[in-house]
Student: 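Okay, handing you the structure first.
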Amino acid sequence: MNRYRRKELRSIIDQLEELRDALETLKEEEEEYMENMPENLQGSEKYEAAEEAVSNLEDALSNLEDAASSIEEAIGE
């Protein structure tokens with residue numbers, strides 16, 4: 001792989017890391033929202049929706065990490 005493509009791929013990895021950080025922050029905010037729900041709302045549709053959102057964000061984080069790892073392997077790092 002030539003230097004230009006490696007540089008472009010490293011830039012994409014940096015962008016993925018920024019996205020991962022933003023997603024992590026949002027996931028933590030959603031977890032905090034969920035954890036601070038009153039007891040009478042735990043088990044409600046709102047709580048389940050927050051729980052589902054957290055799960056989906058965790059999946060998205062994992063996928064971003066996998067993508068960054070795959071690109072690093074392509075670069076040879």
Student: Grab the two heavy atoms, one from Leu16 and one from Ala67, that are nearest each other, plus how far apart they are.
Tutor: CD1-CB, 4.1 Å
Student: Mark yes or no for whether Ser62, through its side chain, and Glu58, through its backbone, hold a donor-acceptor pair below 3.5 Å.
Tutor: no
Student: Any donor-acceptor pair under 3.5 Å linking the side chain of Ser55 with the backbone of Glu51?
Tutor: no
Student: Report the distance from atom CD of Glu52 to atom CD of Glu30, rounding to the nearest 0.5 Å.
Tutor: 11.0 Å
Student: Leu57: which residues meet the side chain to side chain contact (heavy atoms under 4.5 Å, CB included) condition with it, sequence neighbours left out?
Tutor: Leu23, Lys27
Student: Output the distance between atom OG (Ser70) and atom CG (Leu9), rounded to the nearest 0.5 Å.
Tutor: 11.5 Å
Student: Side-chain heavy atoms under 4.5 Å apart, restricted to Ile/Leu/Val/Met/Phe/Trp/Tyr: what other residues fall into the cluster of Tyr4, or is it alone?
Tutor: none
Student: Looking at CD of Glu24 and CG of Leu64, how far apart are the two atoms once the value is rounded to the nearest 0.5 Å?
Tutor: 11.0 Å
Student: Hydrophobic cluster mates of Leu41, side-chain heavy atoms under 4.5 angstrom, ILVMFWY only, any path?
Tutor: Tyr33, Met34, Met37, Tyr47
Student: Return the set of residues passing side chain to side chain contact (heavy atoms under 4.5 Å, CB included) with Glu29 (not counting sequence neighbours), or none when no residue passes.
Tutor: Thr25, Leu26
Student: Asp14: what forms a side chain to side chain contact (heavy atoms under 4.5 Å, CB included) with it, not counting sequence neighbours?
Tutor: Glu17
Student: Go through the structure and list residues passing side chain to side chain contact (heavy atoms under 4.5 Å, CB included) with Arg6, not counting sequence neighbours.
Tutor: Met1, Arg3, Arg10, Ile75
Student: For the atom pair CG (Asn56) and CG (Asn63), what is the distance rounded to the nearest 0.5 Å?
Tutor: 10.5 Å
Student: Verify whether one side chain among Gln15 and Ser11 offers a donor that lies under 3.5 Å from an acceptor in the other.
Tutor: yes
